[in-house]
Amino acid sequence: MDAARWKTIKALLATALDRPIAERLAFVENACADAGLRAEVMDLLDAYETSGALRSLAADDREYELAPGAEVGPYRIRLPIGRGGGGEVYRARDTRLQRDVALKLLTQSSTQDEGTRRVREARAAAQLNHRGIAAIYDIVEVDTRAAIVMEYVPGDSLADRLRSRPPDPAVVVGVGIEMADAVAHAHTAGIVHCDLKPGNMRFAADGSLRILDFGLARRPASVPSSAKEATSATSAVSGLTASSLDGLALGTPGYMSPEQLLGEAIDCRTDVYSMGIVLYEMAAGRRPFLVDGDNDMATAVAVLASPLPDLPRDVPRKLRSVILKCLGRLPQHRYRDGAELRDALTSIAAPSPFKRFTRGL
Amino acid sequence: MDKSPNDQDVTQLLAQWRLGSPEAETRLMAVVQGELRKLAASYLRRERPGHTLQPTAIVNEAYIRLMPQRRVQWENRAHFFGIAARMMRRVLVDHARRKAASKRDGFDGPRVPLSRVADPSGGQDVDVLALHDALSALAALDERQAHIVELRYFGGLKIEEIGVAVSVSESTVKRELTTATAWLRHRLRG
């Protein structure tokens, strides 16, 4: 390709990309008489539509609301670090304690009730005390809104690690046990995460897994199994469904359970499903329902309509059956909660050297 | 350049540079590059195990450090980020090349995928060296377009700011970025 050729191709490509996806091919067919040119434009279109790389390059600029240096109570904003799950997240400095925190500025709630509910839920999550759960430190008001201040966990997310090669099955089981154990703790307290995904899990400096964002956890409509004793306190919110909760993007389509996608009632088993996707992704190196181009609707359709793709042959049989059980389409086919999943994973974990030693093996 | 420059320095340097002083340009580059290197290194030291870097986050932090608490003229901001973009690219490429020599990659060990760069909007991350090569190849076809990508990717400039920096309309910037995305995706896919 030379500069003149690229100029021609670029003009065609730009016009094609301005059109809806469904019309692009027809446009290129019509616009390029020359077969060679057509093939080149088609190749570029295909790359554009099927690769997820460089997504931010041409994305619309959306300003973060808080500029670096802005002060929210005693917290000084350092940098925006992400968006999603109902708000913008910043890395901030706690000027009193001289430590870094993660500050999530919640999106404006549509009603006062909803705002109250979200703060109440963050307070509930703040009661959780488990080494696998990033701690909530504080809730502060910003004008009419709330910001949740959480433990800042530097280091890789599970999503970062999964970009390199898939881990060994033993690592999948080990990380899975840590994940399920943390979620089990929340389930016992009547708290469902509702947005479990590798991007919400980080490896702390000591290598242990930390689950983020329990501040946005929703109380389940009904809390089955081991969490029963804790439900009485939370039964006031029974009857909520994902779609009635609020207008937020609830969850992340690739990791959402069928009932979540359908806006039906959700409980601990929704988290079990999401953990099943995470385990699948760790074991197989890819998500089960992967759709080109981050299309949320297409992902939802795939989750609801297509059969579960098989795991690679080299995934051990026991691990495979645990993962598949998590991914039951109906909640009653899955483990009841995080604790049941943790126990299932523990039972297939290779005995630790310590256990082998104490058992005299 | 062993002393850390204050905001006065950088603002003055920017002003002189815009008036066409070559010494100011050299010094400015050195100051910005030094700051970026320091920041990138400290990110890696503090945030073990190594993680993917977000160049725009580093450039932002450099901006805050070099021009703290100061109402900087808007053009200055765009110019600063324009310079920082080129420097950031250089810092990341140098670092990735050094890493390539002592490569240890794995799930448990100290994985230093420093040659990978996170996408701010959560897309796949990208290998810096591959992107650097692809961008150089694009520059051979269309230098302005490659420059626009550099400003955007390594400097985090907004579309509006790029428009001012390169003297083209926002819709042109957008079009150049979209078609460059297609070209780079195709190239990176190999």
Side-chain angles (χ1 to χ4, degrees), chain A residues 1-7 9-11 13-14 16-18 40-41 43-63 68-69 78-84 91 154-157 159-168 171 175 199 202-203 205 207 294, chain B residues 43 46-52 54 56-58 60-61 63-64 68-69 105-108 111 113 116 118-127 131 137-138 140-143 145 148-149 152-153 156-161 173-189:
Chain A
M1 200 189 288
D2 62 13
R5 180 82 166 174
W6 171 234
K7 210 170 167 188
I9 291 175
K10 186 159 79 172
L13 191 60
L17 287 171
D18 268 345
E40 278 184 273
V41 178
D43 272 356
L44 289 162
L45 261 184
D46 181 64
Y48 183 85
E49 287 168 5
T50 56
S51 159
L54 301 169
R55 212 162 66 185
S56 60
L57 211 54
D60 281 327
D61 291 320
R62 283 193 299 159
E63 294 271 3
R78 295 186 59 182
L79 285 172
I81 49 181
R83 252 185 259 267
R91 181 166 170 185
D156 283 357
S157 71
D160 295 330
R161 297 235 179 142
L162 289 175
R163 290 191 184 111
S164 43
R165 65 184 167 78
D168 294 338
V171 175
V175 172
R202 274 184 188 275
F203 290 95
D294 298 310
Chain B
Y43 262 67
R46 272 180 294 151
E47 310 205 336
R48 292 182 317 131
H51 72 212
T52 47
Q54 274 198 9
T56 52
I58 294 180
N60 257 300
E61 192 157 341
Y63 180 69
I64 298 164
Q69 313 296 332
D105 221 31
F107 201 79
D108 301 305
R111 65 218 65 66
R116 318 221 95 208
D119 185 283
S121 63
Q124 283 164 24
D125 55 6
V126 153
D127 185 90
L131 180 64
L138 180 61
L141 294 176
D142 191 330
E143 201 173 340
Q145 191 173 22
I148 288 174
V149 171
R152 179 72 166 171
Y153 193 83
L157 260 71
K158 296 190 176 53
I159 288 175
E160 188 189 353
E161 293 172 325
V173 174
K174 190 95 199 196
R175 179 173 162 275
E176 296 286 274
L177 287 172
T178 311
T179 49
T181 304
W183 194 89
L184 291 167
R185 282 179 174 174
H186 185 259
R187 175 99 184 182
L188 290 172
R189 197 162 64 175

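Atom set for the values below is all heavy atoms of this structure, side chains included, hydrogens, waters and symmetry mates excluded. Proteins get letters first, then strands, A, B, ... in listed order; numbering begins at 1 in each.
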Whatever's closer than 4.5 Å to a heavy atom in chain A on Ile148(B) counts as neither
[X] side, atom [atom1]; [Y] side, atom [atom2] - distance, nearest 0.5 Å:
{"X": "Met1(A)", "Y": "Leu138(B)", "atom1": "CE", "atom2": "CG", "answer": "9.5 Å"}
{"X": "Leu141(B)", "Y": "Arg5(A)", "atom1": "CG", "atom2": "CZ", "answer": "12.0 Å"}
{"X": "Arg185(B)", "Y": "Leu45(A)", "atom1": "CZ", "atom2": "CG", "answer": "11.5 Å"}
{"X": "Thr178(B)", "Y": "Leu17(A)", "atom1": "OG1", "atom2": "CG", "answer": "6.5 Å"}
{"X": "Lys10(A)", "Y": "Arg175(B)", "atom1": "NZ", "atom2": "CZ", "answer": "6.0 Å"}

Nearest heavy-atom contact between Ala182(B) and Leu13(A) is CB-CD2, 3.7 Å
Turns out that what part of Leu44(A) lies under 4.5 Å from chain B's heavy atoms comes down to both
Applying a strict 4.5 Å limit to non-hydrogen atoms, the region of Asp2(A) in contact with chain B is backbone
Which of Leu177(B), Leu188(B), Val149(B) passes side chain to side chain contact (heavy atoms under 4.5 Å, CB included) with Leu54(A)? It is Leu188(B)
Looking only at Thr179(B), Leu131(B), Leu184(B), most heavy-atom pairs under 4.5 Å shared with chain A are made by Thr179(B)
Sorted by chain and residue number, the salt bridge (charged side-chain N to carboxylate O under 4.0 Å, His left out) partners of Asp46(A) (sequence neighbours excluded) come out as Arg189(B)
Those residues at least two apart in sequence (or on a different chain) that pass side-chain contact (heavy atoms from CB on, under 4.5 Å) with Ala137(B) are Trp183(B), Arg187(B)
